[in-house]
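Below is one structure; the comments refer to it alone.
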Number of protein chains: 2
Amino acid sequence: MADLNKLLTPLFLNEKEIRKVIELLFFSYRDFTAGPDKILEKLGFGRAHHRVIYFVGKQQKLTIKDLLTILQITKQSLSRVLNQLVKEKYIIVSTGIDKRTKNLSLTKKGQELENELSTIQIKKIRKIIKNYDETDINGFKKVLYSMIEEKNKLKFNEINYK
Amino acid sequence: MADLNKLLTPLFLNEKEIRKVIELLFFSYRDFTAGPDKILEKLGFGRAHHRVIYFVGKQQKLTIKDLLTILQITKQSLSRVLNQLVKEKYIIVSTGIDKRTKNLSLTKKGQELENELSTIQIKKIRKIIKNYDETDINGFKKVLYSMIEEKNKLKFNEINYK
DNA sequence: ATAATTAAGTCAATATGGCTGACCTAAATA
DNA sequence: TATTTAGGTCAGCCATATTGACTTAATTAT
């Protein structure tokens, strides 16, 4: 039965091939985040700061709760990072219409940093994407998307297609 | 000129589309590692232990230097993690032919854990891959591969095609 | 009007996984 | 014989996450 399965499994579904995918994910993700990490380090920031700046930049007036839902970290973890960014004037906080909520927005300084960090990654992806045809890129995006948990797919769609 | 570039840029190279890719990477990578993380937590281990177990499992008799080159962390960082795995008998250390080196191998206990952890990720990928044709999967793999830095591509090829 | 829920904040303790710097031993190689 | 390499270790530091407990203020539900 195990042999039968082996015979019926297409080559690209072999365990060996799948292990390559695991490694591709590990290596590519690490190298992808390495660029911004260097800039952040000089400012005394880490990857967590980048995430906050990225998502606040994407959607100005984001609330703290939104950010917590996207990042899936605790309030306490976010708090440290966010307070630093506010104190150093990368992010500005205002009270929402619902006065319990707070709206986060990037300052000019914050936008500049966001731009610097994102540009590295955008250039990297654009450079890669140019070498492939739309079929490959679509495959890439489709497979990545399906790796996201259902509940988080909703989140992804919400922030991109609302 | 900027307008001209905009006109010449295919739709899937738009900044907005590229930002989606950035987010896809973030969400998918996080969800992909979430499964094993839960099991590791029960054992008092973290993702770093997983990486060590994974690569030692892939290539028995791996040396410490090999592992350091793959993981790109410091000796001191590896040491803590590795010593725990040795102490708790997931990994066994023997002296190499070059008596300065050490060969790392998984014990039976280690193999069982490796299997448990990898199975989660392998199943996940296999399930996804089954829903797509080979064209998509190839696009996925090709693009991921090209996201790896040149020097690390060599490393990836070395451990997979040597 | 009051009770319950929600958004946000805070204090304290803990764990993981990285880092640097300094220094050591033993074995292999130049 | 001198140098390089593989590995180890001590100490301290930092970033990022966690849990638990508790508070305030505003909104919503009863």
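Here is how names work: the chains are called A, B, and so on, in the same order as the sequence lines, proteins then strands, and each is numbered from 1. Worth knowing before you read on, the calculation uses all heavy atoms, side chains too, and leaves out hydrogens, waters and symmetry mates.
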**Q.** Any residue of residues 148-159 of chain B with a heavy atom less than 4.0 Å from an atom of DNA chain D
**A.** none
Q: Round to a whole Å and report the spacing from CG of A/L62 to C1' of C/dA7.
A: 14 Å
**Q.** First of A/Q72 and A/D98 reached from the 5' end of DNA chain D, by closest nucleotide
**A.** A/Q72
Q. Of all of residues 21-43 of chain A, which get a heavy atom below 4.0 angstrom from DNA chain D, listed by number?
A. none
(Q) Going by salt bridge (Lys or Arg N to Asp or Glu O under 4.0 Å), name the residues that satisfy it together with B/E41, two or more places apart in sequence or in a different chain. (A) none
Q) Between B/F27 and A/F55, what is the ring plane arrangement, given parallel below 30°, perpendicular above 60°, and tilted in between? A) tilted
Q. Less than 4.0 Å between a side-chain N and a carboxylate O, is that true for A/K124 and B/E149?
A. yes
Q: Evaluate the side-chain proximity of A/Y54 to A/L117: yes if any heavy-atom separation is below 4.5 Å, no if none is.
A: no
Q. Is A/E15 salt-bridged to A/R19, cutoff N-O under 4.0 Å?
A. yes
(Q) Looking only at the side chains, is there a donor atom on one of A/Y132 and A/N138 sitting less than 3.5 Å from an acceptor on the other? (A) no
**Q.** B/N115 backbone acceptor or donor facing B/T119 side chain under 3.5 Å
**A.** yes
Q | Axis bend over the full length of the helix from C/dA1-D/dT30 to C/dA30-D/dT1, computed from five pairs that close each end, to 10 degrees | A | 30°
Q: Look at A/E17 together with A/K20 and state whether they make a salt bridge at an N to O cut-off of under 4.0 Å.
A: yes
Q: Indicate whether OP1 or OP2 belonging to C/dG18 is found under 4.0 Å from a side-chain N or O atom of B/T74.
A: no
**Q.** Leading and trailing nucleotides of DNA chain D with any atom under 4.0 Å from heavy atoms of chain B
**A.** D/dT5 to D/dC10
Q. Does A/D136 have any salt bridge (Lys or Arg N to Asp or Glu O under 4.0 Å) partners at least two apart in sequence or in another chain, and if so, which?
A. B/K142
Distances under 3.5 Å between nitrogen or oxygen atoms of protein and nucleotides 8-10 of chain C:
| from | atom 1 | to | atom 2 | distance (Å) |
| --- | --- | --- | --- | --- |
| C/dA8 | OP1 | A/I64 | N | 3.4 |
| C/dA8 | OP1 | A/K102 | N | 3.1 |
| C/dA8 | OP2 | A/K65 | N | 2.6 |
| C/dA8 | N7 | A/K75 | NZ | 2.9 |
| C/dG9 | OP1 | A/K102 | NZ | 2.7 |
| C/dG9 | N7 | A/K75 | NZ | 2.7 |
| C/dG9 | O6 | A/K75 | NZ | 2.7 |

(Q) Within residues 47-57 of chain A, which residues have any heavy atom lying less than 4.0 Å from an atom of DNA chain D? (A) A/R47, A/A48, A/H49, A/R51
Can you give each donor-acceptor pair under 3.5 Å made by side-chain atoms of residues 82-95 of chain A, sequence neighbours left out, with the distance rounded to 0.1 Å?
| from | atom 1 | to | atom 2 | distance (Å) |
| --- | --- | --- | --- | --- |
| A/N83 | ND2 | A/S79 | O | 3.1 |
| A/N83 | ND2 | A/S79 | OG | 3.3 |
| A/Q84 | OE1 | A/H49 | NE2 | 3.1 |

(Q) I need the full list of salt bridge (Lys or Arg N to Asp or Glu O under 4.0 Å) pairs touching residues 51-80 of chain B, with sequence neighbours left out, sorted by first then second residue. (A) A/E23-B/K58
Q | Sequence neighbours excluded, every pair satisfying salt bridge (Lys or Arg N to Asp or Glu O under 4.0 Å) that has a member inside residues 93-102 of chain B | A | B/D98-B/R100
Q: To the nearest 0.5 Å, tell me how far B/I18 CD1 sits from A/S118 OG.
A: 11.0 Å
Q.
So does B/L106 get a backbone contact from the side chain of B/Q60, meaning a donor-acceptor N/O pair under 3.5 Å?
A. yes
Q) Hey, is the main chain of A/I22 close enough, under 3.5 Å, to the side chain of B/Q121 for a donor-acceptor pair? A) no
Q) Charged N to carboxylate O below 4.0 Å: is that the case for A/K153 and A/E150? A) yes
**Q.** Same cluster (ILVMFWY, side-chain, under 4.5 Å), A/L68 and B/F26
**A.** yes
Q: Using ring pair (Phe, Tyr, Trp, His ring centres under 6.0 Å) as the criterion, list what pairs up with B/Y29, not counting sequence neighbours.
A: A/Y29
(Q) Considering every strand and a 4.0 Å limit on heavy-atom distances, what is the contact class for B/G96: base, sugar-phosphate, or nothing? (A) nothing
